[in-house]
Amino acid sequence: MHEAVVSLISRDRPVELPVWRSFWDRLHAGGLLRGEAAALLASLSTQMPGRVTLHGLLESLGERRPPRPAGAFAGAVNIVGTGGGPATFNISTAAAFVAAAMGVPVVKTGSRSYTSRFGSMDLLARLGITPTKSYEHTQDVLERCGIAFAGFFVYPQEVTLLARAVVPLDMRRLGSFVNRLGPFLADIPVRAQVTGVSQPRHLEGVRYAAEHVSRATGRSVWLAANDAGADELLGFTANRVRVYEDGAASDFVLTPGVLGLGTGRLADLAVPEGGVDRGAELFLDVLAGRCGPTVRETVCLNAAALAVAGRLTGDWHQALAAADAVLRDGSALSRVERLRSLESAHA
């Protein structure tokens, strides 16, 4: 059995960079023993590994990536959660559209449903929006629409190979670690990334990943958590944020009352019954401003975070007001139509 798998199962020593390199070489060569890929994923998903193992994993995958265009997505931001929290509607996707309408360039990553009823990719498919297929395609869509949804090309090829290696087992169940680490596996050269973490037990490991990505790419990474266990910022409870930037970490708290936000509850943000079709209807209603105060304030808070993280402004009150104005005037909804029109033109 490969040393990486043995170490992860026994947990007696970290998996360092040379061992990860060897494991990926064997995966590409088709030389793994039967069950080794499943054992590796199960071990990673059962318990988040430590700093050395995570840093080695991320660095080894980064080394294998094909080159991408230099200077792409300058000034853009991303918002993406780790999943696994309460089943809320697609808050981060709504916030991405709002932020784009505010003038913040947004390149968003996401996935299909793992723990929720439907993920961002499921929603986009229902809305008639196709994720981009390359960095050049992403740049073109970003320039035309101010927002782009990056396809699976931004993720390491090794994830696909692992998924194939564990068939017929369910990758969504066995590889929950991949979804949790997804925000840090995507190779998108954005200025800043806002990532919500739903599970306190995963927070330490996610911090190791954020630390590595920030140092390796120069990206500002915001990690947000709250007592409600949502992987988005919430407008009705305190949100603890750690920022990794310029080789250092800092912390602050977003307190709703200080920001002029009101009260609410998770039930106000719940995924509606009726599947992705009903979810898409609700999503469009939100972007058109037809939503309750809890939804409005939560979407505006996440959009404001993108504006601040992307350095469009340093004033939270100003950013919240701008986000609210965007929902009221319909310009967020118009971004959806712009993306749809672009799809029709390319069809």
Side-chain angles (χ1 to χ4, degrees), residues 1-65 80-87 109-117 119 121 152 154-187 195-213 229 231:
M1 189 175 293
H2 193 275
E3 183 181 348
V5 180
V6 173
S7 297
L8 287 170
I9 292 175
S10 65
R11 305 195 187 280
D12 60 349
R13 61 187 181 276
V15 183
E16 298 187 357
L17 179 59
V19 178
W20 279 117
R21 287 170 173 160
S22 170
F23 181 84
W24 302 131
D25 286 343
R26 190 173 297 182
L27 174 66
H28 277 268
L32 292 181
L33 299 176
R34 185 175 182 180
E36 281 191 308
L40 179 114
L41 286 169
S43 298
L44 289 171
S45 297
T46 300
Q47 181 177 324
M48 186 72 80
R51 176 185 270 110
V52 173
T53 295
L54 265 177
H55 283 203
L57 167 64
L58 292 170
E59 186 170 349
S60 66
L61 290 173
E63 292 175 343
R64 308 182 75 94
R65 296 184 192 276
V80 57
T82 59
T109 58
S111 65
R112 295 199 179 278
S113 174
Y114 277 77
T115 56
S116 60
R117 293 181 189 170
M121 293 299 180
F152 292 112
V154 298
Y155 294 100
Q157 182 186 6
E158 288 71 23
V159 173
T160 301
L161 293 176
L162 283 172
R164 291 174 181 167
V166 301
V167 172
L169 299 178
D170 187 351
M171 180 67 172
R172 292 183 303 171
R173 304 290 184 186
L174 188 64
S176 60
F177 170 82
V178 174
N179 192 52
R180 239 175 356 249
L181 205 65
F184 311 101
L185 292 175
D187 183 25
T195 296
V197 184
S198 63
Q199 310 262 348
R201 65 191 180 93
H202 298 147
L203 187 55
E204 183 178 24
V206 172
R207 284 175 172 172
Y208 295 151
E211 174 190 52
H212 174 84
V213 167
D231 67 346

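What you see is a predicted model; the values in this text were computed from it and never measured. Reckoned from all heavy atoms, side chains included, excluding hydrogens, waters and symmetry mates.
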Please lay out, stage by stage, how Leu185 and Val159 fare under the test side chain to side chain contact (heavy atoms under 4.5 Å, CB included).
-> CA-CA 9 Å; Leu185 292 175; Val159 173; 4.3 Å; yes
Thr82 vs Ser198, side chain to side chain contact (heavy atoms under 4.5 Å, CB included): CA-CA, chis, key distance, verdict = CA-CA 7 Å; Thr82 59; Ser198 63; 4.2 Å; yes
Can you check side chain to side chain contact (heavy atoms under 4.5 Å, CB included) on Leu57 and Leu181, steps first, answer last?
-> CA-CA 11 Å; Leu57 167 64; Leu181 205 65; 3.9 Å; yes
Report the C-alpha distance between Thr195 and Phe184 in whole Å, list the side-chain angles of each, state the deciding distance to 0.1 Å, and finish with yes or no for side chain to side chain contact (heavy atoms under 4.5 Å, CB included).
-> CA-CA 9 Å; Thr195 296; Phe184 311 101; 4.1 Å; yes
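With rounding to the nearest 0.5 angstrom, the CE atom of Met171 is 9.5 Å from the OG atom of Ser176. Expressed to the nearest 0.5 Å, how far CG of Asp187 lies from CZ of Arg65 amounts to 4.5 Å. To the nearest 0.5 Å, atom CE of residue Met1 and atom CD1 of residue Ile9 are 5.0 Å apart.
Using a 4.5 Å cut-off on side-chain heavy atoms (C-beta onward), Phe23 and Val5 make contact. The side-chain heavy atoms of Leu61 and Gln157, taken from C-beta on, include no pair separated by under 4.5 Å. Looking at Glu3 and Arg13, their side chains come closer than 4.5 Å, going by heavy atoms from C-beta outward. In this structure, Phe177 and Leu40 have side chains that are not in contact, with every pair of non-hydrogen atoms separated by 4.5 Å or more.
Arg180 places no side-chain N or O within donor-acceptor distance of the main-chain N or O of Val197, the cut-off being under 3.5 Å. For the pair Asp231 (side chain) and Gly85 (backbone), a donor-acceptor distance under 3.5 Å is absent. Panel note: side chain Thr53, backbone Pro49; no donor-acceptor pair is recorded below 3.5 Å. The backbone N or O of Tyr208 lies less than 3.5 Å from a partner atom in the side chain of His55, making a donor-acceptor pair. The backbone N or O of Ser60 sits nowhere less than 3.5 Å from a side-chain atom of Trp24 that would complete a donor-acceptor pair. A donor-acceptor contact shorter than 3.5 Å links the side chain of Ser45 to the backbone of Leu174.
Taking His202 as the reference, nothing meets the ring pair (Phe, Tyr, Trp, His ring centres under 6.0 Å) condition, with sequence neighbours excluded.
Annotation for Glu63: atom CD counts as buried by contact number, over 12 foreign heavy atoms lying within 6.0 Å.
Applying the salt bridge (Lys or Arg N to Asp or Glu O under 4.0 Å) definition to pairs two or more places apart or across chains, those involving residues 156-165 are Arg64-Glu158. Residue pairs meeting the salt bridge (Lys or Arg N to Asp or Glu O under 4.0 Å) criterion with at least one partner in residues 28-55, sequence neighbours excluded, are Arg51-Glu211.
By the 30° and 60° cut-offs, the orientation of the rings of Phe152 relative to Tyr155 is tilted.
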